[in-house]
2 protein chains.
Amino acid sequence: MSELIAEPSTTVAPPKNHGARAWELMYEIFKASKPYVESVASSFELTPQQVYALKGLQRDRPLVMSDLATFLGCDASNVTAIVDKLESRGLVERRSADRDRRVKALLLTPAGQDVLDRINDRMQLPPPAINNLDASDKVTLCEVLGRALDSLNAS
Amino acid sequence: MSELIAEPSTTVAPPKNHGARAWELMYEIFKASKPYVESVASSFELTPQQVYALKGLQRDRPLVMSDLATFLGCDASNVTAIVDKLESRGLVERRSADRDRRVKALLLTPAGQDVLDRINDRMQLPPPAINNLDASDKVTLCEVLGRALDSLNAS
DNA sequence: TATTGTTATACTCTATAACTATA
DNA sequence: TATAGTTATAGAGTATAACAATA
């Protein structure tokens, strides 16, 4: 199958390959889903980034500040403020490691675990664009996006 | 086919439906692609939002300020600053409509059209996660994401 | 009065650089 | 010296509210 979408040469738009088109569609869906994401976060009186940080802490192994920065894909300097807010809400606790007191482990408090459980419940319902797909399209999307993400870790 | 991913009951994570999982994967791919998007934009000395605004202006019909706000999915008050920057770069021109002088049409200048052409060329190559997919996965992704986006316009 | 675009302001998210306390 | 985290600062992107010009 051709990599290019066949289009009459009289069309104004240039021919576009499917990879570029898929990326454009992902961008559109993301933009359209932003109000949904923000409404979910604000229903917990959190920002989307704070929600995502909590999700990073649900792992089996406790994260330290720099791990959370990697998980969030942002600079470590920002994580201080994010964790400050979560800590002031009583959702997260900083604990200095005994072996190296520079390092701070991040632990969910019971209240934090409770909020996270409710967030996870709520997030079982994805934004409308995704939720409107039929079951087989959802499965297909998981498979293809899974391969896309795996291709990054493999290289 | 079941909507739920079958998992042993001893698994720590709760069972997750494919819609929620697909959304999570999209989020991961977006996060991983951010450096790529920023490098493309900054190679034109533009921010990602400015690039996206230019792309909005390549339509057959000229946009006015409020149209661009809708296209960008942000409040109209922000579009003023975005267009200010593009105008100061000589890429875009504001022109008051004759029939209603409150309304300002946005036009690409020749320089703006030239930059946009180069942006479109460059964007034929999507971020690595998408580009690494094989041709048939790219086509499938276009089809499924197209249906997802259509479902929003249909409702 | 209502609408288009602007200005003023504030908050989130982000990065860089300088700092501290440990190692 | 080097590293983990913090603080200070700045810029992009966002929203709300008040405003000017025009309808």
Side-chain angles (χ1 to χ4, degrees), chain A residues 27 30-42 44-54 56 62-89 92-107, chain B residues 27 30-42 44-54 56 62-89 92-107:
Chain A
Y27 196 98
F30 236 81
K31 189 182 67 180
S33 299
K34 203 171 52 169
Y36 177 86
V37 169
E38 278 166 0
S39 77
V40 169
S42 73
F44 295 100
E45 297 182 276
L46 295 168
T47 66
Q49 187 74 314
Q50 287 164 358
V51 167
Y52 199 57
L54 284 178
L63 299 184
V64 302
M65 297 292 285
S66 58
D67 293 333
L68 186 53
T70 302
F71 177 76
L72 295 174
C74 71
D75 189 85
S77 61
N78 301 302
V79 177
T80 298
I82 292 169
V83 171
D84 281 350
K85 280 173 201 139
L86 293 174
E87 198 169 34
S88 73
R89 285 276 301 271
V92 160
E93 187 193 332
R94 279 176 173 96
R95 188 173 299 175
S96 288
D98 290 334
R99 52 176 183 81
D100 182 345
R101 288 178 31 235
R102 292 174 303 181
V103 173
K104 290 178 186 166
L106 299 172
L107 302 165
Chain B
Y27 197 97
F30 235 81
K31 190 182 64 179
S33 301
K34 204 172 51 169
Y36 177 86
V37 169
E38 279 166 358
S39 76
V40 169
S42 72
F44 295 100
E45 295 181 278
L46 295 168
T47 66
Q49 186 74 312
Q50 288 166 356
V51 168
Y52 198 57
L54 284 179
L63 299 183
V64 302
M65 297 292 285
S66 58
D67 293 332
L68 186 53
T70 302
F71 177 76
L72 295 173
C74 71
D75 190 85
S77 61
N78 301 302
V79 177
T80 297
I82 292 170
V83 171
D84 281 350
K85 279 173 202 140
L86 292 175
E87 199 170 32
S88 74
R89 284 276 302 272
V92 161
E93 186 193 332
R94 281 176 171 96
R95 188 172 300 174
S96 289
D98 290 334
R99 50 175 186 79
D100 182 345
R101 288 176 33 231
R102 291 174 304 182
V103 173
K104 290 180 185 162
L106 299 172
L107 303 166

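Every chain is numbered from 1 and lettered A, B, ... according to where its sequence line falls, protein lines coming before strand lines.
- Applying the side chain to side chain contact (heavy atoms under 4.5 Å, CB included) test to A32(B) and every residue at least two apart in sequence or in another chain returns L152(A).
- The side chain of R94(A) contributes an N or O atom lying less than 4.0 Å from OP1 or OP2 of dT6(D).
- Using a 4.0 Å cutoff on non-hydrogen atoms, the parts of residues 97-104 of chain B near DNA chain C are R102(B), V103(B), K104(B), ordered by number.
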Mind listing the side-chain donor-acceptor pairs of residues 44-54 of chain B below 3.5 Å, one per line with the distance, residues two or more places apart or on another chain?
residue, atom, partner, partner atom, Å
T47(B), OG1, Q50(B), N, 3.2
Q50(B), OE1, T47(B), N, 3.0
Y52(B), OH, E28(A), OE2, 2.5
Y52(B), OH, K31(A), NZ, 3.3

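- If you check every strand for non-hydrogen atoms under 4.0 Å, V79(B) touches nothing.
- Counting all heavy atoms, side chain and backbone alike, R101(A) lies closest to S96(A) at O-OG, 4.0 Å.
- E87(A) meets the salt bridge (charged side-chain N to carboxylate O under 4.0 Å, His left out) test with R94(A); sequence neighbours excluded.
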For nucleotides 7-13 of chain D, 5' to 3', base contacts (B), sugar-phosphate-only contacts (S) and non-contacts (-) with protein non-hydrogen atoms under 4.0 Å give B----SS

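- The footprint of chain B on DNA chain C, defined by a heavy-atom cutoff below 4.0 Å, extends from dA2(C) to dT14(C).
- To the nearest angstrom, P of dT16(D) lies 10 Å from CD of E38(A).
- The side-chain heavy atoms of L72(B) and I82(B), taken from C-beta on, include a pair separated by under 4.5 Å.
- Put simply, OH on Y52(B) is 11 Å from P on dT14(D), counting in whole angstrom units.
- Here the C1' atom of nucleotide dG5(D) and the CG atom of D67(A) are 13 Å apart, to the nearest Å.
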